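Report on the following structure.
What you are looking at is a predicted structure, and each value in this text was computed from that prediction instead of being measured.
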Amino acid sequence: MSREHPQSPERSVSAAAPPAPAAPPAPAGPAGRPGTGGAEAPFLELLARGAAAEAYEQPVLLARAEGVPAERITELEQAKLLALRVRSELEGRRRREAELSALFETAHDLAGLRDLDAVLQAIVQRARSLLGTDVAYLSLNDPARGDTYMRVTEGSVAARFQQLRLGMGEGLGGLVAQTARPYVTDDYFRDDRFQHTHSIDTGVRDEGLVAILGVPLTLGHHVIGVLFAADRRARVFEREQIALLGSFAALAAAALDTANLLAETRSALAGLERANEIIQDRSAVIERASDVHDRLAELVLRGGGVHDVAAAVAEVLDGTVEFTEAAAVPAHALESSRAEGHAVRHREDWIAAVTAGGELLGALVLRGHPGLDPVDQRTLERAAMVTSLLLLARRSAAEAERRVRGELLDDLLDARDRDLRLLRERAARLHADLDATHAVLAARLEGGTADADQEADARRRLWAAASHLAATGQGLAAARDGGTVLLLPVTPGDTATGLARRTARHLAAAVHEPVTVGASAPVEQLTARPDTVAEAYAEARRCLDTLRLLGRSGDGSAAEDFGFLGLLLAGERDVAGFVDRTIGQVVAYDERRGTELLHTLDAYFACGMSPARTKDELHVHVNTVAQRLERVGRLLGDDWQSPARALEIQLALRLHRLSGVTQPPDRL
């Protein structure tokens with residue numbers, strides 16, 4: 001039988017029945033004996049004032065002591081039993097009222113759930129109060145560890161007990177959690193229906209528990225924990241008490257379920273908020289990506305260049321973007337980007353390789369922007385792809401233009417029956433003026449190799465470099481005879497030799513190998529005769545061969561650079577040109593001043609370059625000879641008497657004399 005526990009004042013107000021009005025005292029018989037107003041009267045008075053069960057024996061005992069007749073004693077006994085049944089019924093109703101009130105309050109707490117721990121604590125407190133136990137506690141299952149642990153305790157004093165963990169099937173609680181059925185024991189340590197373990201038994205012993213009732217907390221068909229009520233002495237829990245604890249367990253399970261749903265809802269809302277933030281951020285990034293996509297498409301359509309692409313991406317990514325050659329980028333970062341097909345970070349920069357068909361064309365570099373968004377990274381990669389397309393398109397256009405320029409030069413070299421109007425129109429479309437003065441140049445590589453493929457590749461690079469030079473210089477270029485032929489304009493004040501030397505240096509720098517260049521004399525009116533360009537090319541090749549024979553490979557020169565040998569190299573044997581280049585200033589001086597410097601030179605060389613014999617030959621004073629020779633030196637240069645110059649001057653004098661020019665009369 002359960003023992004009574006005092007209730008709190010507010011619990012008593014809600015659970016106790018209103019007091020009955022005081023009945024008038026029955027007429028007292030002798031020695032205070034109740035009157036004969038009925039056997040029930042004293043017991044009704046006891047019921048009215050809520051007397052203890054032991055007080056109901058007093059009327060019977062008093063009647064016996066006074067020698068009341070047996071019939072009266074029997075009536076009192078029957079009235080007593082009836083009164084006790086009424087009292088028991090009233091107590092049961094008050095108890096059920098208190099239980100229902102507690103359940104209602106718990107349900108109310110659950111409906112306004114704010115703090116799960118507070119609700120569970122209230123459930124355990126009310127269960128302990130209504131069942132009148134020393135301790136009440138609640139454990140929850142831990143699916144991750146496969147056991148159950150203490151969640152809330154009320155009335156517990158042992159720290160070890162409050163930290164117990166019970167394996168499935170261990171202890172009374174483990175058995176309830178495993179079987180999903182209520183279990184009760186009057187004496188825990190003598191009950192062998194469940195598995196005793198040292199840790200559990202030690203905790204229960206520390207707490208001093210003897211009688212334990214446990215009911216499962218279930219959600220659907222799943223047990224999520226156990227609600228307990230326990231006493232520190234032997235006790236039998238009644239069916240109603242087991243049912244009451246089960247009701248509290250149901251409310252606790254509902255509270256946990258509600259809390260879990262609220263937690264999931266809050267988590268979902270937080271996730272939605274984060275997702276919304278991400279969506280907004282992604283939307284802005286995608287809008288930027290769309291913007292740069294439109295810009296890149298516009299650049300491609302209007303024929304923009306790689307630097308235009310870099311500028312557009314820099315504006316969208318709010319950074320500095322540059323297109324650089326592969327040699328100017330860290331090799332490992334560039335190779336990583338090329339292998340992965342993505343932009344890679346290098347210190348504070350991002351590098352995106354610009355490739356086409358496995359060929360590395362360069363890189364787009366985003367400077368000083370380490371924190372790059374994945375979509376922005378993709379934007380940089382897309383820009384690198386567009387850059388490669390533009391470079392390929394530019395290369396294709398350049399190759400097409402090179403082919404067109406080469407075909408035009410081939411026609412000038414080979415075609416005999418040509419439509420001059422058509423040739424001029426083709427040249428005009430290539431920004432080449434066939435009426436301007438040009439020089440034909442023959443170029444050849446000097447870094448020979450035994451590998452045929454490497455040799456062919458080197459020739460292609462030479463042709464590409466020559467074609468680029470011709471395109472930028474409004475000329476033409478074509479591959480021919482194992483080398484390259486160029487037709488370049490000669491600007492006023494320039495010479496064919498100077499043009500040949502500059503071309504040799506430029507091509508050598510472009511292909512990283514020595515290049516020898518021979519040039520023809522400047523040619524005017526390229527279309528005047530069918531063989532004009534072909535003859536100039538033959539002259540340029542003779543100059544090229546001469547340079548190589550003289551050991552001047554990697555240099556550039558024209559026929560005018562070889563003195564009298566130029567007569568042998570020149571295609572038209574330009575005698576007048578040679579004479580003019582060699583002694584033209586002396587001839588012009590004589591014509592302007594009427595002097596005899598040419599005659600004096602002729603006599604000077606005829607007399608073995610002796611001034612004394614020269615004065616006898618000319619019949620003049622030796623000082624006159626010296627004055628004339630000094631004037632010649634000022635016109636021809638201080639080295640005019642060196643063996644090489646002297647030979648060329650004598651040849652020029654002979655050719656000038658053979659050309660039929662009459663000598664002027666003798667004069668000073």
Any idea which heavy atoms bring [X] and [Y] closest together, and the distance?
X: Ala519; Y: Ala496; result: CB-O, 3.8 Å
X: Arg459; Y: Leu445; result: N-CD1, 3.9 Å
X: Ser557; Y: Cys543; result: O-CB, 4.2 Å
X: Ala384; Y: Leu364; result: N-CD1, 3.5 Å
X: Leu366; Y: Leu380; result: CB-CD2, 4.1 Å
X: Ala439; Y: Leu499; result: CB-CD2, 4.0 Å

Does the side-chain contact (heavy atoms from CB on, under 4.5 Å) test come out yes or no for Arg461 and Glu513, once each step is laid out?
CA-CA 10 Å; Arg461 287 188 284 112; Glu513 292 185 26; 3.6 Å; yes

Sidechain-backbone polar pair: [X] side chain, [Y] backbone, donor-acceptor under 3.5 Å:
X: Thr516; Y: Ser553; answer: no
X: Glu539; Y: Ala521; answer: yes
X: Asn141; Y: Pro143; answer: no
X: Arg367; Y: Asp349; answer: no
X: Ser337; Y: Ala353; answer: yes
X: Ser520; Y: Val440; answer: yes
X: His438; Y: Ala436; answer: yes
X: Arg345; Y: Arg347; answer: yes

Heavy-atom side-chain proximity of Leu462 to Val515 below 4.5 angstrom
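Side chain of Leu462 against side chain of Val515, heavy atoms only: contact under 4.5 Å found.
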
Kindly indicate whether the side chain of Val354, heavy atoms from C-beta on, has any atom under 4.5 Å from the side chain of Phe323.
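Sidechains of Phe323 and Val354: in contact.
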
Quick check for you: to the nearest 0.5 Å, what is the distance between [X] atom [atom1] and [Y] atom [atom2]?
X: Asp555; Y: Glu446; atom1: CG; atom2: CD; result: 10.5 Å
X: Arg338; Y: Ile351; atom1: CZ; atom2: CD1; result: 14.5 Å
X: Ile224; Y: Leu219; atom1: CD1; atom2: CG; result: 4.0 Å
X: Leu140; Y: Arg151; atom1: CG; atom2: CZ; result: 6.0 Å

Let me check something: any side-chain donor-acceptor pairs from residues 479-488 under 3.5 Å, sequence neighbours excluded? List them with distances.
from   : atom 1 : to     : atom 2 : distance (Å)
Arg480 : NH1    : Asp414 : OD1    : 3.1
Arg480 : NH2    : Asp410 : OD1    : 3.1
Arg480 : NH2    : Asp414 : OD1    : 3.4
Arg480 : NH2    : Asp414 : OD2    : 2.7
Asp481 : OD2    : Tyr537 : OH     : 2.6
Asp481 : OD2    : Arg541 : NH1    : 3.1

Begin with the C-alpha distance, continue with both residues' side-chain angles, and end with the deciding distance and a verdict on side-chain contact (heavy atoms from CB on, under 4.5 Å) for Trp640 and Ile583.
CA-CA 10 Å; Trp640 71 275; Ile583 60 174; over 6 Å; no

Which is it for Leu544 and Arg444 under the side-chain contact (heavy atoms from CB on, under 4.5 Å) test, yes or no, and what are the steps along the way?
CA-CA 8 Å; Leu544 173 64; Arg444 183 171 298 175; 4.1 Å; yes

Using a 3.5 Å cut-off and no angle test, enumerate the donor-acceptor pairs between side-chain atoms of residues 324-336 and protein atoms at least two apart in sequence or in another chain.
from   : atom 1 : to     : atom 2 : distance (Å)
Ser336 : OG     : Glu340 : OE2    : 3.3

Residue Asp638 excluded, over 12 heavy atoms near CG under 6.0 Å:
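Open.
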
Mind checking side chain to side chain contact (heavy atoms under 4.5 Å, CB included) for Arg631 and listing every partner two or more places apart, or none if nothing turns up?
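With neighbours one apart ignored, the set is Tyr589, Leu597, Arg634, Leu635.
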
Using salt bridge (Lys or Arg N to Asp or Glu O under 4.0 Å), reason through Asp494 and Arg502 one step at a time and then give a plain yes or no.
CA-CA 11 Å; Asp494 198 4; Arg502 289 196 305 275; 2.5 Å; yes

Passes side-chain contact (heavy atoms from CB on, under 4.5 Å), Ile649 versus Leu636? Steps please.
CA-CA 10 Å; Ile649 292 171; Leu636 299 183; 3.7 Å; yes

